[in-house]
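Quick note on labels: first sequence line is chain A, next is B, and so on, each numbered from 1.
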There are 2 protein chains.
Amino acid sequence: MAAQTILFDFTLDAGKTATSIQRQEVARIVRNELEHVFTQLELAYSMESMDNGYFSVLHENKETIITCRIFQQGLLTINVEYYLAAGKEPVLSLDKGKRLENALAKSLQALSGQKIPTLKRGDVARYYPSSDERIIEYDIDTLVYEARSPFQKIQILHSKTLGNMLILDELQNIAESDLIYTETLMGRGIENYEGKEICILGGGDGALLYELLKEKPKHVVMLEIDELVMQACNKYLSSICGDVLEKRKTDQYEIIVGDCVDYMKKFIAEGRKFDYVFGDLTDIPISDAPIGECWDFIRTIFEHSFQLLKPDGKYLTHGNGTSCLESLQLFEEQLRLLKPKVKFTTTKAFVPSFMEEWLFYQVTFA
Amino acid sequence: MAAQTILFDFTLDAGKTATSIQRQEVARIVRNELEHVFTQLELAYSMESMDNGYFSVLHENKETIITCRIFQQGLLTINVEYYLAAGKEPVLSLDKGKRLENALAKSLQALSGQKIPTLKRGDVARYYPSSDERIIEYDIDTLVYEARSPFQKIQILHSKTLGNMLILDELQNIAESDLIYTETLMGRGIENYEGKEICILGGGDGALLYELLKEKPKHVVMLEIDELVMQACNKYLSSICGDVLEKRKTDQYEIIVGDCVDYMKKFIAEGRKFDYVFGDLTDIPISDAPIGECWDFIRTIFEHSFQLLKPDGKYLTHGNGTSCLESLQLFEEQLRLLKPKVKFTTTKAFVPSFMEEWLFYQVTFA
């Protein structure tokens with residue numbers, strides 16, 4: 001069961017929607033074309049204002065409700081919404097919708113138009129943003145797990161092609177398809193972890209810890225705040241984290257549940273040093289100025305991380321989608337402000353469950 | 001300039017929306033939460049029916065218009081729409097929208113909820129379907145070219161990450177990023193084209209012809225119906241088709257503009273035979289029965305193609321997205337019906353501009 005929302009929009013010559021009379025004429029044409037598809041169409045309501053254009057509500061048996069909005073700037077939007085019960089045929093198939101779009105474009109002499117692929121609402125959450133806030137629909141078929149921890153909303157969703165996906169506060173984190181993410185983050189085949197001491201900040205999905213342990217490090221300590229994330233991943237993402245989240249302490253590694261900044265401070269006070277520190281925490285905020293809580297947090301992480309590194313140590317972290325140029329620039333500015341000075345290289349990989357190319361940073365003392 | 005449409009939906013306990021009085025109460029809660037964000041909110045219209053639930057129109061200064069629909073099955077949809085002028089701040093940012101979603105979910109005691117990433121309407125067409133009809137938003141920044149030929153609507157759109165994309169009748173065809181598509185279709189490194197005779201059915205973007213010519217075939221004939229597609233690709237996709245569409249006939253190849261079935265019949269009558277025939281035509285229709293014009297067309301193409309093949313010849317073609325299992329099965333059933341009998345292998349590749357994995361077929365006489 002799901003509601004179906006089908007959106008059409010058309011760009012018209014602004015000269016054709018500037019006055020109320022012109023907008024009435026556009027509305028008349030729209031209604032006429034809609035009546036060819038929705039034969040029982042009735043007008044329920046309309047609203048007009050000099051500044052803001054025309055808006056109307058049409059419906060067929062109060063089942064299919066259509067809103068039509070004409071902006072004075074020359075834009076027309078049409079929203080069709082109805083409830084599709086399981087096993088029923090859609091009111092507007094892909095082809096029928098395309099034909100309606102073509103008919104409307106022709107009658108309206110539109111400059112351009114589009115029909116947005118049908119949105120399905122109310123069954124499973126399937127729409128997530130790319131790093132540059134584009135909508136992507138995933139082939140989700142099941143909500144496997146959902147809970148709210150004191151820190152975030154945690155979901156495991158199953159995608160037909162990507163396997164189980166970890167979603168935190170409605171953002172994609174990692175999926176069973178994403179070994180490339182972990183391998184690019186750790187620079188597999190480039191870095192040598194044998195006998196090294198490693199600190200992971202975050203990393204609650206366990207995938208990084210799991211892959212690092214295969215490379216025979218001396219010891220890994222992981223600082224993760226959210227116990228519930230680890231429980232969920234241990235149960236539903238074991239194909240990417242193995243059994244590393246089962247135990248909290250072995251000879252090879254220790255997982256500390258707590259605020260990583262507190263523990264970093266403790267380690268600094270103790271004079272503890274690492275060969276590698278991994279930043280596997282929150283995404284870089286998408287923002288046009290390096291202000292606000294998130295950027296403060298990122299700066300704090302940087303400063304403390306470099307105090308934990310041996311002189312030839314490396315700080316490895318994910319950046320953002322390669323299309324987020326501004327956000328990446330701000331991130332790099334933060335790196336340039338660090339004292340002592342650091343230098344960095346980058347690598348990139350197309351991450352299947354992000355459906356985009358992602359940038360990763362390797363930072364060392366300059 | 002673009003209209004912004006922000007969609008929220010919530011699944012409620014169906015027991016909470018079964019009666020008119022209950023739906024009024026849900027509507028009251030929704031309005032209350034919306035008023036925290038939209039302080040000038042007014043109710044413009046509401047409609048209720050016993051069978052179909054509740055629908056209302058709210059607005060702020062007639063600028064931001066919000067529709068709210070409560071289905072008796074326990075589903076609530078909220079659509080927010082306003083016009084965002086260039087340089088203005090959005091009324092509902094990503095964070096603000098997420099907070100509103102959380103507040104609504106809490107007040108409504110929703111079983112689940114989602115905010116669909118903001119849809120932008122009226123600037124450039126950026127929403128296209130995957131093969132299984134999922135919505136994908138592309139990072140389109142420019143409409144480079146648009147025309148209607150006698151056969152189809154032809155668009156060249158520019159994507160920031162994929163380069164120029166050819167869109168035919170609002171479906172993705174090929175982009176500058178898609179060398180892998182052509183290489184997988186032709187089985188580069190597997191097939192040996194040197195000295196071979198080849199026939200391409202369709203292929204108007206020129207990419208396949210361009211790549212094949214690098215492999216020193218004896219001769220390639222390409223049968224493409226749409227002159228205008230070739231003109232557009234020659235001008236805007238030259239990074240993938242080189243200059244092969246500049247000329248219609250050389251010692252190495254000939255491009256015939258016309259219906260490929262007519263020319264296949266002519267070739268069959270002449271007894272002309274090929275080492276390779278490429279099906280680079282329309283996508284396989286997404287349909288649950290092998291009926292209708294498209295499937296008839298596909299069968300016709302198959303039958304004629306195999307009459308054009310030498311006994312050890314190969315028919316190479318694209319299939320569909322690997323997630324379209326039913327459609328691929330139907331396609332394979334058509335192959336199994338062919339006489340004389342054929343056998344086939346498949347290969348697959350993730351095609352960047354399709355944003356999904358695609359299946360390709362290699363068919364020979366059994």
Colleague: Which heavy atom in A/Pro117 sits nearest to a heavy atom in B/Pro129, and how many Å separate them?
Modeller: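 So the two residues come closest at CG-N, 3.7 Å.
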Colleague: Check for a donor-acceptor pair, side chain of B/Arg134 on one end and backbone N or O of A/Ile136 on the other, with a separation under 3.5 Å.
Modeller: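 No.
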Colleague: Let me know if A/Leu111 has heavy atoms under 4.5 Å from chain B in its side chain, its backbone, both or neither.
Modeller: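 The answer is the backbone of A/Leu111.
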Colleague: Is it the backbone or the side chain of B/Glu101 that comes under 4.5 Å from a heavy atom of chain A, or both, or neither?
Modeller: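 Contact with chain A is through the side chain of B/Glu101 alone.
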Colleague: How long is the gap from NZ on B/Lys115 to OH on A/Tyr128, to the nearest 0.5 Å?
Modeller: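 Result: 12.0 Å between the selected atoms.
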Colleague: Below 4.5 Å from any heavy atom of chain B, which atoms of A/Thr67 appear? Answer side chain, backbone, both or neither.
Modeller: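 Only the side chain of A/Thr67 comes within 4.5 Å of chain B.
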Colleague: B/Glu133 and A/Thr118: side-chain donor and acceptor closer than 3.5 Å?
Modeller: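 On atom types as modelled, these side chains do not qualify, holding no pair under 3.5 Å.
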Colleague: Just verifying a value: how many Å separate A/Thr161 OG1 and B/Glu356 CD, rounded to the nearest 0.5 Å?
Modeller: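 Rounded to the nearest 0.5 Å, the OG1-CD separation comes out at 8.5 Å.
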Colleague: Could you measure the distance from the CG atom of B/Asp123 to the CG atom of A/Leu75? Nearest 0.5 Å is fine.
Modeller: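 Reported value, rounded in 0.5 Å steps: 9.0 Å.
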Colleague: For B/Tyr82 and A/Phe71, work out which heavy atoms get closest and say how close.
Modeller: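 Minimum heavy-atom contact is C-CE2, 4.3 Å.
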Colleague: Please classify the contact of A/Thr322 with chain B as side chain, backbone, both or neither, using a heavy-atom distance under 4.5 Å.
Modeller: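 No part of it gets close to chain B.
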Colleague: Of the backbone (N, CA, C, O) and the side chain (C-beta and beyond), which part of A/Met47 lies under 4.5 Å from a heavy atom of chain B, both, or neither?
Modeller: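 Interface part for A/Met47: side chain.
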Colleague: To the nearest 0.5 angstrom, please state how far the OH atom of A/Tyr127 sits from the CD atom of B/Glu137.
Modeller: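 Reported to 0.5 Å precision, the distance equals 13.0 Å.
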Colleague: What part of A/Asp95 gets closer than 4.5 Å to chain B, counting heavy atoms only: side chain, backbone, both or neither?
Modeller: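 Neither part; nothing is under 4.5 Å.
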Colleague: Which atom names give the shortest non-hydrogen contact between A/Arg121 and B/Ile78, and what distance separates them?
Modeller: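 Looking at all heavy atoms of both residues, the shortest contact is NH2-O, 3.3 Å.
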Colleague: Checking heavy atoms, do the side chain of A/Tyr138, its backbone, both or neither come under 4.5 Å from chain B?
Modeller: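 Contact with chain B: backbone only.
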Colleague: To the nearest 0.5 angstrom, please state how far the CG atom of A/Leu325 sits from the NZ atom of B/Lys160.
Modeller: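 If I round to the nearest 0.5 Å, the distance is 8.0 Å.
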Colleague: Could you report the tightest heavy-atom contact between B/Val124 and A/Gln114, atom names first, then the distance?
Modeller: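 Closest heavy-atom pair between B/Val124 and A/Gln114: O-NE2, 4.1 Å.
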Colleague: Sort out for me which of B/Leu12, B/Thr5, B/Leu7, B/Asn61 touches chain A most, counting heavy-atom pairs under 4.5 Å.
Modeller: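 Highest number of heavy-atom pairs under 4.5 Å: B/Leu7.
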Colleague: Kindly say whether A/Lys62 contributes a backbone atom to a donor-acceptor pair with the side chain of B/Ser49 at under 3.5 angstrom?
Modeller: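 Flag not set: sc B/Ser49 to bb A/Lys62 has no pair under 3.5 Å.
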Colleague: Working note: A/Glu146 + B/Ser112, criterion side chain to side chain donor-acceptor pair (under 3.5 Å); need CA distance, chi angles, decisive distance, verdict.
Modeller: CA-CA 9 Å; A/Glu146 180 169 321; B/Ser112 68; 6.0 Å; no
Colleague: Check whether any side-chain N or O of B/Arg69 sits under 3.5 Å from a backbone N or O of A/Glu81 as a donor-acceptor pair, and report yes or no.
Modeller: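 Yes, the answer is positive, given that a donor and an acceptor are paired below the 3.5 Å cut-off.
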Colleague: If you compare all heavy atoms of B/Ala3 against all heavy atoms of A/Thr77, which two are closest, and at what distance to 0.1 Å?
Modeller: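 Distance-wise, the nearest heavy atoms are CB-CG2, 4.2 Å.
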Colleague: A/Val57 versus chain B, heavy atoms under 4.5 Å apart: side chain, backbone, both or neither?
Modeller: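 Contact with chain B involves the side chain of A/Val57 alone.
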Colleague: Side chain, backbone, both or neither: which part of A/Lys120 has a non-hydrogen atom closer than 4.5 Å to chain B?
Modeller: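 Contact with chain B: backbone and side chain both.
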Colleague: Do A/Leu94 and B/Glu170 come close enough that some side-chain heavy atom pair is under 4.5 Å?
Modeller: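 Of all side-chain heavy-atom pairs linking B/Glu170 with A/Leu94, none is under 4.5 Å.
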Colleague: Please state whether the side chain, the backbone, both or neither of B/Phe8 comes within less than 4.5 Å of a heavy atom of chain A.
Modeller: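 B/Phe8 touches chain A through backbone heavy atoms alone.
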Colleague: Atom CD1 in B/Ile135, atom CG in A/Leu119: separation rounded to 0.5 Å?
Modeller: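 Output value for this atom pair is 5.0 Å.
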